[in-house]
Amino acid sequence: PLEMSAKKPVPFLRQVIPVRKKVQRDPRFDDLSGEYKPEIFMKTYSFLDTIKKQEKEMVQKQLKKCRNPEQKEKLQWLLNRMTQQEQAQKKQQKLRERELSLKRQQRELAKQGKKPFFLKKSEKRKLELAEKYAELKRSGKLESFLNKKRKRNAIKDKRHLPSQKNL
């Protein structure tokens with residue numbers, strides 16, 4: 001047992017044997033967990049996509065059958081969330097593929113003996129925007145997208161103009 005001073009009052013709950021605290025570790029920053037590689041992660045957990053698809057179909061069926069407005073609203077919210085997550089995942093995948101293709105091109109140029117050239121963020125953004133416009137043109141939604149953008153810009157411009165009251 002631990003020696004204690006007789007001059008201090010004894011605490012109500014005295015620790016006879018000191019308990020070692022559990023050291024919690026965060027797997028995100030720990031070397032024991034290994035290095036994160038998105039390609040390997042996606043391959044390993046690809047079965048989750050099929051499960052998510054099944055769950056989405058199940059929610060859609062429940063939404064069709066549902067009569068309760070509150071329950072229907074919750075299901076609609078859940079369905080929207082699922083579709084948004086799906087779209088975000090697809091967008092992330094496209095971005096990853098684009099970066100991988102750029103890296104491959106750089107490697108090819110390096111093999112040929114040329115000096116590697118890395119794109120700036122602004123250049124990447126321009127390429128992304130051009131790709132977005134091409135996709136919208138292919139799907140036939142370019143005109144509506146541009147109209148919305150014009151309206152948004154017109155509202156912003158109106159906000160900055162002096163109002164009629166001040167004149």
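- A heavy-atom distance below 4.5 Å is not found between the side chains of Leu63 and Gln60.
- A heavy-atom distance below 4.5 Å is found between the side chains of Gln93 and Arg96.
- Salt-bridge annotation for Glu131 and Lys94: absent, with no side-chain N of the basic residue lying under 4.0 Å from a carboxylate O of the acidic one.
- Considering NZ of Lys74 and CG of Asn68, their distance stands at 9.0 Å, rounded to 0.5 Å.
- Considering NZ of Lys137 and CD of Glu143, their distance stands at 10.5 Å, rounded to 0.5 Å.
- Distance check: Glu35 CD to Ile40 CD1 gives 9.0 Å after rounding to the nearest 0.5 Å.
- Side-chain N/O atoms of Arg150 and Asn147 include a donor and acceptor closer than 3.5 Å.
- Minimum heavy-atom separation, Ser33 to Arg25: OG-NH1, 3.6 Å.
- Here Lys103 contributes atom NZ and Phe118 contributes atom CZ; the two are 9.5 Å apart, rounded to the nearest 0.5 Å.
- When side chains are defined from C-beta on, Tyr45 does not count as touching Ile51, because their heavy atoms never get closer than 4.5 Å.
- Under the 4.5 Å side-chain heavy-atom criterion for Ile, Leu, Val, Met, Phe, Trp and Tyr, Leu129 and Leu136 are members of the same hydrophobic cluster.
- Pro116 places none of its side-chain heavy atoms less than 4.5 Å from the side chain of Leu109.
- Atom CG of Leu79 is separated from atom NZ of Lys72 by 12.0 Å, given to the nearest 0.5 angstrom.
- A salt bridge is absent between Lys53 and Glu86; no separation between the charged side-chain nitrogens and carboxylate oxygens falls under 4.0 Å.
- A salt bridge does not link Lys141 with Glu135: every distance from a Lys NZ or Arg NE/NH1/NH2 to an Asp or Glu carboxylate oxygen is 4.0 Å or more.
- Leu95 has its side chain out of reach of Lys91: every pair of non-hydrogen atoms, C-beta onward, lies at least 4.5 Å apart.
- For the residue pair Gln106 and Phe117, the shortest heavy atom distance occurs at NE2-O, 2.7 Å.
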- [ ] Check step by step if side chain to side chain contact (heavy atoms under 4.5 Å, CB included) holds for Glu123 and Lys126.
- [x] CA-CA 5 Å; Glu123 294 294 323; Lys126 283 178 186 175; 4.1 Å; yes

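- Inter-residue side-chain proximity for Lys148 and Arg152 is flagged as met; some heavy-atom pair is nearer than 4.5 Å.
- Summarising the geometry, atom CE belonging to Met42 is positioned 9.0 Å from atom CD belonging to Gln92; distances are rounded to the nearest 0.5 Å.
- When the side chains of ILVMFWY residues are joined at heavy-atom separations under 4.5 Å, either directly or via intervening members, Leu100 and Phe41 end up in two distinct hydrophobic clusters.
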Open item on the list: Could you go through Tyr36 and Arg28, starting from their C-alpha distance and side-chain angles, then the distance that decides it, and tell me whether this counts as side chain to side chain contact (heavy atoms under 4.5 Å, CB included)?
Closed with: CA-CA 8 Å; Tyr36 173 68; Arg28 295 174 297 174; over 6 Å; no

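- Contact annotation: the side chain of Leu146 approaches that of Leu142 to within less than 4.5 Å [non-hydrogen atoms, C-beta and beyond].
- Side-chain contact check for Glu55 versus Met82: some heavy-atom pair is nearer than 4.5 Å.
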Task: Arg98 and Lys124: CA distance, side-chain angles, deciding distance, side chain to side chain contact (heavy atoms under 4.5 Å, CB included) verdict - done: CA-CA 10 Å; Arg98 190 179 307 121; Lys124 284 182 184 176; over 6 Å; no

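- Applying the 6.0 Å contact sphere to CG of Asp30 captures more than 12 heavy atoms from other residues, nucleotides or ligands.
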